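Just below is one structure, and these are the notes that go with it.
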Amino acid sequence: MPSTMAMDVKPWRLGKVVDPRLHKVARKIENTWIANGAVQDAAFDKRYGWCSQEGMTLENRMYRHRAFSSMHLELACVQTGKNVEESRSSVYHEGTETVYPVEQSDLQVLHCLAMPHPCYALPIFGADVVIRRGVWTLCVADTSPTEDRLPPTYAAKVESLQRSILPTRQDGPNKGRRVPAWATKIFSPLCISIRPDSKEEVQAFVDYILQLHATHINYAQGLIEGGGVPSWAGEEVRRQAMQEYNKCQKENDKTRSVLARYFGDQFAEEYISQVLFSDKEITLG
């Protein structure tokens, strides 16, 4: 598959539109991929790098890595109804795209998924942030197991991060917002799912997601640099876990509904099955 070197990465075009903290997360995650040898998929960028209809814009980046079959980042922004009309007089243009002010965005989304090659005993890194009219309404970060549980040493690192970074909540650090039924089948017991109560809690989540991601990538690099021998014995078990992960994620009707509203049903199905949660990306490496 044709690719470009990750060092040629361009600035996020939605970086001037979304919340600066959301942009920071996207940049830092992508920079971590670059620093660890990831390569950007040029063919993907041509097809899905920039998808826009009046009211909604999707910006995507896809990378490949020795330990990961796919590393996907998405920023999305929605301006609907009255906000679209009001924003026409205050938009500005950069290149060929229309850029809207942050405060006029009804919905902002960050989605990240790093799917490992099933030949490596690695969890699946996933993170989602939803901002509605400036309010952080959903923050999810998890490393979902691809075997019966997270590796004990790995789980210990995640627990340590949670204790050191996340504020104590009366309902527990990972009980802030109930996950849907489909998610309980694939998320780990250490999943963080919250609706932040304050700016401080938003910042704590930003710090946590970046530290969790760095820990995850370092763990993957350690597997490779420590010998780089794939664990073929559990490859089929991990492959099935990854397919189950995608299957359950596709049960999220909210994502499908929003995409279909702006891009149509056909694109929504294609985008979900080919971009967000593609079984074709689960490769041996």
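Keep in mind it's a predicted model, so treat the numbers as computed, not measured. We number each residue from 1, following the sequence as shown.
Of all heavy-atom pairs between T57 and S52, the closest is OG1-OG, 3.1 Å. Nearest heavy-atom pair, K250 versus F277, reported as atom, atom and distance to 0.1 Å: CE-O, 3.0 Å. Scanning all heavy atoms of the two residues, the minimum distance from D142 to L212 falls at N-CD2, 4.3 Å. Of all the heavy atoms in W12 and R27, the pair that sits closest is CD1-CG, 4.2 Å. Contact detail for L166 and I192: the closest heavy-atom pair is CD1-CD1, 3.5 Å. Here the closest non-hydrogen pair linking C112 and W33 is SG-CZ2, 3.9 Å.
A salt bridge links R47 with E270: at least one charged nitrogen is closer than 4.0 Å to a carboxylate oxygen. Between E235 and R239 a salt bridge is recorded (basic side-chain N to carboxylate O distance below 4.0 Å). For the pair R64 and D41, the salt-bridge criterion is met [side-chain N within less than 4.0 Å of a carboxylate O]. The pair E74-R61 fails the salt-bridge criterion, with no side-chain N (NZ, NE, NH1 or NH2) lying under 4.0 Å from an Asp/Glu carboxylate O. For R238 and E147, the salt-bridge test passes: some basic side-chain N is under 4.0 Å from an acidic carboxylate O.
Under 3.5 Å, the side chains of Y154 and H216 contain a donor-acceptor pair of N or O atoms. Side-chain contact annotation: N218 with T215, donor-acceptor N/O pair under 3.5 Å absent. For the residue pair Q211/D207, the side-chain donor-acceptor check at 3.5 Å is not satisfied. For the 3.5 Å distance criterion, the side chains of Q108 and H23 fail to qualify, holding no donor opposite an acceptor. A donor-acceptor pair shorter than 3.5 Å cannot be found between the side chains of H65 and N36.
In this structure, T137 contributes its side chain and V130 its backbone to a donor-acceptor pair below 3.5 Å. With hydrogens and angles disregarded, a donor-acceptor distance shorter than 3.5 Å links the side chain of S144 to the backbone of I186. Using modelled atom types, one side-chain atom of T32 and one backbone atom of K28 make a donor-acceptor pair closer than 3.5 Å. Here the side chain of E251 pairs no donor or acceptor atom with the backbone of W182 at under 3.5 angstrom. With S278 contributing its side chain and V275 its backbone, the two residues share no donor-acceptor pair below 3.5 Å. For the pair T146 (side chain) and L122 (backbone), a donor-acceptor distance under 3.5 Å is present.
Below 30°, between 30° and 60°, or above 60°: for F187 and Y245 the angle between ring planes is between 30° and 60°, a tilted geometry. Between F205 and Y208, the two ring planes are tilted [angle within 30° to 60°].
Judged by the 6.0 Å distance and 45° axis criteria, R13 is positioned over the aromatic ring of W50.
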D253 and R256: CA distance, side-chain angles, deciding distance, side chain to side chain contact (heavy atoms under 4.5 Å, CB included) verdict: CA-CA 5 Å; D253 290 332; R256 181 176 287 98; 3.4 Å; yes

Full working for side-chain hydrogen bond (donor to acceptor under 3.5 Å, both in side chains) between Y48 and Q274: CA-CA 10 Å; Y48 297 108; Q274 301 298 321; 5.7 Å; no

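How far CG of D19 is from NZ of K24: 11.5 Å, rounded to the nearest 0.5 Å.
Contact annotation: the side chain of L190 never approaches that of T143 to less than 4.5 Å [non-hydrogen atoms, C-beta and beyond].
Side-chain rings of F125 and H213 approach one another, their centers coming within less than 6.0 Å.
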